[in-house]
Trainee: 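Pasting in a structure now, in structure tokens, and then I'll have a few things to ask.
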There are 2 protein chains.
Amino acid sequence: MSDNIKEPLFNLLHSVKRSLRQAIEVGDLGITPLHMRVLKIISLYNQKVTANDIVQKTLIDKAQLARLIKELIGLGYVSKLDNPHDKRSYYLGISGEGEQIVKQLRLAENRVNETMKMGLTDQEIADFVRLAKHMAQNLHDQD
Amino acid sequence: MSDNIKEPLFNLLHSVKRSLRQAIEVGDLGITPLHMRVLKIISLYNQKVTANDIVQKTLIDKAQLARLIKELIGLGYVSKLDNPHDKRSYYLGISGEGEQIVKQLRLAENRVNETMKMGLTDQEIADFVRLAKHMAQNLHDQD
DNA sequence: GTGGTTTAGATGATGATGTCTACTATAGTT
DNA sequence: AACTATAGTAGACATCATCATCTAAACCAC
């Protein structure tokens, strides 16, 4: 029954990515959308988040994430802090420069968000998010 | 003031892709998920669809698509047919082998689809798809 | 018709992202 | 102490997206 959910989903994500790339002057900052995704999380949990925490949250491959963090550190947006409870890992902190970028990023994202939500009610948006999470959970449980 | 739509969307797509990859024994067929996406469309509009039509439908870059089609032809799943109305383009046809693959693919996709929909009503699914299309349209109009 | 512009597709280069394997160091378990 | 599991790193590779450029054909204006 029910036609394919995948195709509209693919299309939507494709459009979101394109819009975000346009909305954000990423080139100037030397970082990619994926960097920003990580940077946002570090900003949110400043000095209280480890690389592994981010892997759990985002499902980004840990090797990939190690590279991203390394690059963010190289750019001076992020720093590592010793984790006294586990010497294998470290907490991630964000610099003032990093915060500036996150701020710009949020503005750009909000613009895209608003565009995307045009003509929809808050209830519909909330439902959409709820359903997306539900479906992701279904798939996740399957593993 | 709903929070970010993007993050759950990213997560969902990521999970869907992973599940699909697992569900389908892609490696054996020598093709990628993107090939399959294209092959499905060719199967649906057999001998009545051009490369450009597929670009319109999927937003896949035309350069990328040209490569995908070339590869599908190399594998014997697809063939080009002259388009009498426009010598620049051609219609795409699918072979028996190609149809076999699409058939397997549909089964695997349906399994993933069913998993994803667990615990949701048909109405919710329909709403979800409708909202996804609506948002994609919003973004598309913005260009 | 001729000439200029647009469009369909092909090709090459490059960047962004995902995935896998193997490795080191540390933690946890028995 | 020995074994196993986990956090992070590094390298290799595949997939996918994007861009610039090119050819041939179509279209349009005149």
Side-chain angles (χ1 to χ4, degrees), chain A residues 10-11 13-22 24 26-27 29-39 42 49-74 78-92 143, chain B residues 6 10-11 13-22 24 26-39 42 49-74 78-92 143:
Chain A
F10 276 27
N11 285 339
L13 248 286
H14 196 273
S15 298
V16 172
K17 281 189 186 174
R18 271 181 37 136
S19 293
L20 271 177
R21 211 167 343 101
Q22 289 179 356
I24 306 162
V26 172
L29 309 171
I31 62 176
T32 69
L34 198 55
H35 286 110
M36 298 190 288
R37 195 173 165 207
V38 173
L39 198 56
I42 296 175
V49 67
T50 67
N52 196 48
D53 293 337
I54 298 178
V55 166
Q56 305 299 323
K57 283 183 211 303
T58 61
L59 303 183
I60 294 172
D61 181 80
K62 67 177 184 168
Q64 174 86 359
L65 185 63
R67 271 187 292 272
L68 292 168
I69 290 173
K70 190 175 162 191
E71 285 153 5
L72 287 172
I73 291 172
V78 166
S79 58
K80 288 184 182 178
L81 303 154
D82 282 346
N83 174 354
H85 308 306
D86 189 337
K87 286 182 185 166
R88 290 171 306 177
S89 78
Y90 45 80
Y91 289 122
L92 293 166
D143 300 343
Chain B
K6 247 182 50 239
F10 276 25
N11 285 339
L13 248 285
H14 197 271
S15 298
V16 171
K17 280 189 186 174
R18 271 181 36 136
S19 293
L20 270 177
R21 208 166 345 100
Q22 289 179 356
I24 306 163
V26 172
D28 302 345
L29 309 171
I31 62 177
T32 70
L34 197 55
H35 286 111
M36 297 190 288
R37 197 175 163 207
V38 173
L39 199 55
I42 295 175
V49 67
T50 67
N52 196 47
D53 293 337
I54 298 178
V55 165
Q56 305 299 322
K57 283 182 210 304
T58 62
L59 303 182
I60 293 171
D61 180 80
K62 68 177 184 168
Q64 177 81 0
L65 184 62
R67 272 186 290 271
L68 292 167
I69 289 173
K70 191 176 161 191
E71 286 153 6
L72 287 172
I73 290 173
V78 166
S79 58
K80 287 184 183 178
L81 303 154
D82 282 346
N83 175 354
H85 307 305
D86 187 336
K87 286 182 186 167
R88 291 171 306 176
S89 78
Y90 45 80
Y91 289 122
L92 293 165
D143 299 344

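Every chain is numbered from 1, with letters handed out A, B, ... down the list of sequences.
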Trainee: Rounding to a whole Å, what distance do you find between B:Ile73:CD1 and C:dT11:P?
Mentor: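 Rounding to the nearest Å, CD1 of B:Ile73 and P of C:dT11 are 11 Å apart.
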Trainee: Do B:His35 and B:Val38 make a side-chain contact, defined as non-hydrogen atoms from C-beta onward lying under 4.5 Å apart?
Mentor: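 No; the side chains remain at least 4.5 Å from each other.
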Trainee: Rounding to a whole Å, what distance do you find between A:Asn83:CG and D:dA7:P?
Mentor: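 Computing the A:Asn83:CG to D:dA7:P distance gives 11 Å.
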Trainee: Between C:dT7 atom P and B:Asp53 atom CG, what is the distance in whole Å?
Mentor: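 B:Asp53 atom CG is separated from C:dT7 atom P by 15 Å.
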Trainee: With a 4.0 Å cutoff (strictly under), does any side-chain N or O of A:Thr32 reach OP1 or OP2 of C:dT17?
Mentor: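 Yes.
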Trainee: Please enumerate all residues that pass side chain to side chain contact (heavy atoms under 4.5 Å, CB included) together with B:Tyr91, with sequence neighbours excluded.
Mentor: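 Counting only residues at least two positions away or on another chain, B:Tyr91 forms a side chain to side chain contact (heavy atoms under 4.5 Å, CB included) with B:Thr50, B:Leu81, B:Asn83, B:Pro84, B:His85.
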Trainee: 5'-most contact on DNA chain D: A:Ser89 or A:Lys70, nearest heavy atom basis?
Mentor: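 Result of the comparison: A:Ser89.
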Trainee: Without decimals, in angstroms, what is the distance between B:Ile31 CD1 and D:dA14 C1'?
Mentor: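 After rounding, the reported distance stands at 15 Å.
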Trainee: Can you tell me how far C1' of D:dA26 sits from CG of B:Asn52, to the nearest Å?
Mentor: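 The distance from CG of B:Asn52 to C1' of D:dA26 comes to 13 Å, rounded to the nearest Å.
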Trainee: Angle between the end axes of the helix from C:dG1-D:dC30 to C:dT30-D:dA1, five pairs per end, to the nearest 10 degrees?
Mentor: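 Taking the rotation axis at each end, their angle is 40°.
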Trainee: Work out which heavy atom in B:Ile54 is nearest to a heavy atom in B:Ile42; give both atom names and the distance.
Mentor: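 For B:Ile54 versus B:Ile42, the nearest heavy atoms are CD1-CG1, 3.9 Å.
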Trainee: Report the distance from atom CG of A:Leu20 to atom C1' of C:dA16, rounded to the nearest whole Å.
Mentor: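 For the pair A:Leu20 CG and C:dA16 C1', the rounded distance is 15 Å.
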Trainee: Output the rounded distance in Å from CG (A:Leu13) to C1' (D:dT15).
Mentor: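 The answer, rounded to whole Å, is 16 Å.
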Trainee: State which residues pass side chain to side chain contact (heavy atoms under 4.5 Å, CB included) with A:Lys57; sequence neighbours excluded, sorted by chain then number.
Mentor: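 By the side chain to side chain contact (heavy atoms under 4.5 Å, CB included) rule, A:Lys57 matches A:Ile41, A:Tyr45.
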Trainee: Toward the 5' end of DNA chain D, which comes first, B:His35 or A:Lys80, by nearest nucleotide?
Mentor: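 The residue whose closest nucleotide sits nearer the 5' end is A:Lys80.
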Trainee: Look at the side-chain N and O atoms of A:Tyr90 and state whether any lies under 4.0 Å from the OP1 or OP2 oxygen of D:dT9.
Mentor: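 Looking at the OP1 and OP2 atoms of D:dT9, one of them is under 4.0 Å from a side-chain N or O of A:Tyr90.
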Trainee: How does protein reach along nucleotides 18-30 of chain C, written 5' to 3' as B (base within reach of a heavy atom under 4.0 Å), S (only sugar-phosphate), or - (no contact)?
Mentor: BBB----BBS---
Trainee: Taking CG from B:Leu65 and P from C:dG9, how many angstroms apart are they, rounded to a whole number?
Mentor: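 Going from B:Leu65 (CG) to C:dG9 (P), I get 8 Å.
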Trainee: Return the set of residues passing side chain to side chain donor-acceptor pair (under 3.5 Å) with A:Thr58 (not counting sequence neighbours), or none when no residue passes.
Mentor: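 Side chain to side chain donor-acceptor pair (under 3.5 Å) list for A:Thr58, sorted by chain: empty.
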Trainee: What distance do B:Met36 atom CE and B:Leu72 atom CG have between them, rounded to the nearest 0.5 Å?
Mentor: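 B:Met36 atom CE to B:Leu72 atom CG measures 10.5 Å (nearest 0.5 Å).
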Trainee: Applying side chain to side chain contact (heavy atoms under 4.5 Å, CB included), can you list everything that pairs with A:Lys80, at least two apart in sequence or on another chain?
Mentor: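 Listed in chain order: A:Ile73, A:Tyr90, A:Leu92.
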Trainee: May I have all residue pairs that pass salt bridge (charged side-chain N to carboxylate O under 4.0 Å, His left out) and include part of residues 58-71 of chain A, sequence neighbours excluded?
Mentor: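 For residues 58-71 of chain A, and leaving out neighbouring residues, there are no salt bridge (charged side-chain N to carboxylate O under 4.0 Å, His left out) pairs at all.
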Trainee: Do you know which two heavy atoms are closest between B:Ala51 and B:Leu65, and how far apart they sit?
Mentor: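 Heavy-atom minimum between the residues: O-CD2, 3.1 Å.
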